[in-house]
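Count residues from 1 along the sequence.
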Amino acid sequence: MRILVIGSGGREHAIAWKLSQSEKVGKIFCAPGNGGMKDIAELVDIKADDILGLLRFAKKNNIDLTVVGPEKPLVKGIVDIFEENGLKAFGPFKNVAMLEGSKVFSKNAMKRFNLATSDFKVFGEAAEAKKYLNKIGVPIVIKADGLASGKGVIIPKTIIEGEKAIDDIMTKKIFGDSGSRIILEGCLEGEEASILVFTDGKTIVPLKSSQDHKRIFDNDAGANTGGMGAYSPAPVVTELMLNEVIKNVFRPVIDGLREEGGVYKGILYAGLMITKDGPMVLEFNVRFGEPETQAILPRLKTDPLDIMLACVDGTLDNINVKWDDSPCISVVCASKGYPDEYEKGKQIFGLEEAGKIKDVIVFHAGTKNENGKIFTSGGRVLGVTALGDDIKSAKAKAYSAIDCIKFEGMQYRKDIGARAINRTT
Ligand code: GLY
């Protein structure tokens, strides 16, 4: 089969790498891809949100399945457009991709389907939002309604900071139209975890749990980032809790949307806060997590193509999804300056040596290949990933691989997995 993977991050490298292990996959294209994929995929110079360009390419190249990595093309309706043109695409249709495309849609769905989540109010005017902020005070969570490249959630420390965030989003429009409406919601306390499921709109199959590390520095200090590393499983999510989350979160939302006419197919990702009263939903994403995917997919034993096609075709109940018990850790190596303005164009050394370590896979993200040499080209550069007999040995292998890798200004967290180790020892 001929596969097109859309996106260019570590997530898409992990998806393409896993698909390349399927005996049924003949050729993989990745649009636009990154510098680490040359052995598994042919790179195609089309942007991930150029839907008509991607459609033309998929038709011309007889693509059998398109796998969509990032949220933007999903929210723009790529799956609908591909299907109208007789092409299969793994991911949700536009009407239900709004679970990520609009925080207002998402919170209203959570409320309609009785999910455990924080109380919230929607505002279309900055003055009204500020009045409410002054009444309720901090801590409070401010969310832009639409997509904002992962930057649309702000937790102000003071009312002044909160008023500035409201002005930035609604008046200065730093996220464009995504800030026409905002949500103010209660701040939840606890430990965050991500649970993702495969679904064909009826059957729900959970992936292994995972935990992201959002902050740039060790011990969760410093600025928020797109994610500095992840591990799977997340010991905070017990088997009992996972079953409860399927029953009380995924089942009501997937059944509820279907009954309203919105069949949800693909990956559904619930960002949860494990509070003292149990798991509560922070947000939904309509795609694989970044960087959680890099720590989850190496553990998948079943052919990913079979699972993805079954999600698209509505036959997921026929698939028995199996996992490797070995835990996995993925540590992000980032450019100097990230998550603010960062350096680019630095040559990366030691990748071959790192990749030779048993059970280590180096997923690329912001890299480019120039005549066989690899250079940095983005904020998050690599996801150095390792499986181990336990989380401690996975961590040791990932960091010994990082010791082999060098580029000027490389920064990474030293404590990915530490929380899981503390919980399991
Ligand atoms: N890890 C957070 C996300 O994928 O949005």
* With sequence neighbours excluded, what pairs up with Ala365 under the side-chain contact (heavy atoms from CB on, under 4.5 Å) test? -> none
* Give the minimum heavy-atom separation between Ala48 and Pro32, together with the two atoms involved. => N-CD, 4.2 Å
* Are Ser118 and Lys107 close enough that a side-chain donor and a side-chain acceptor fall under 3.5 Å? -> yes
* To do: Just grab all the ring pair (Phe, Tyr, Trp, His ring centres under 6.0 Å) pairs involving residues 249-297, residues at least two apart or on different chains.
  => none
* Identify the heavy atoms of Asp415 and His213 that sit nearest to each other, and give their distance. => O-NE2, 4.3 Å
* To do: Would you mind listing every side chain to side chain donor-acceptor pair (under 3.5 Å) that reaches into residues 401-412, with sequence neighbours excluded?
  => none
* Do NZ/NE/NH1/NH2 and the carboxylate oxygens of Lys164 and Asp167 come within less than 4.0 Å? -> no
* Structure fact -> Shortest non-hydrogen pair, Ile28 vs Ala16, comes out as CD1-O, 3.5 Å
* Asked: With the threshold set at 4.0 Å, does a side-chain nitrogen-carboxylate oxygen contact exist between Arg423 and Glu191?
  -> yes
* Asked: Does any donor atom in the side chain of Thr385 or Ser330 lie under 3.5 Å from an acceptor atom in the other side chain?
  -> yes
* Carboxylate-amine/guanidinium proximity below 4.0 Å for Asp168 and Lys173 -> no
* Pairs touching residues 36-79 that satisfy ring pair (Phe, Tyr, Trp, His ring centres under 6.0 Å), sequence neighbours left out -> Phe29-Phe57
* **Minimum-distance pair of heavy atoms, taken over all atoms of Ser335 and Thr376** => OG-CB, 4.2 Å
* Restricting to pairs with a member in residues 210-228, which pass salt bridge (charged side-chain N to carboxylate O under 4.0 Å, His left out), not counting sequence neighbours? -> Asp212-Lys214, Asp220-Arg413, Asp220-Arg419
* **Inter- and intrachain pairs under ring pair (Phe, Tyr, Trp, His ring centres under 6.0 Å), touching residues 131-186, at least two apart** => Phe123-Tyr132
* So, are Lys130 and Glu163 salt-bridged, with charged N and O less than 4.0 Å apart? -> no
* **Atom of Gly53, atom of Ile46 and distance for their closest heavy-atom approach** => O-CD1, 3.6 Å
* Structure fact -> Minimal heavy-atom distance between Ile182 and Ile142, with the atoms involved, is CD1-CG2, 4.2 Å
* Going through the checks in order, is the side chain to side chain donor-acceptor pair (under 3.5 Å) test met by Glu292 and Gln211? -> CA-CA 7 Å; Glu292 291 96 323; Gln211 201 167 50; over 6 Å; no
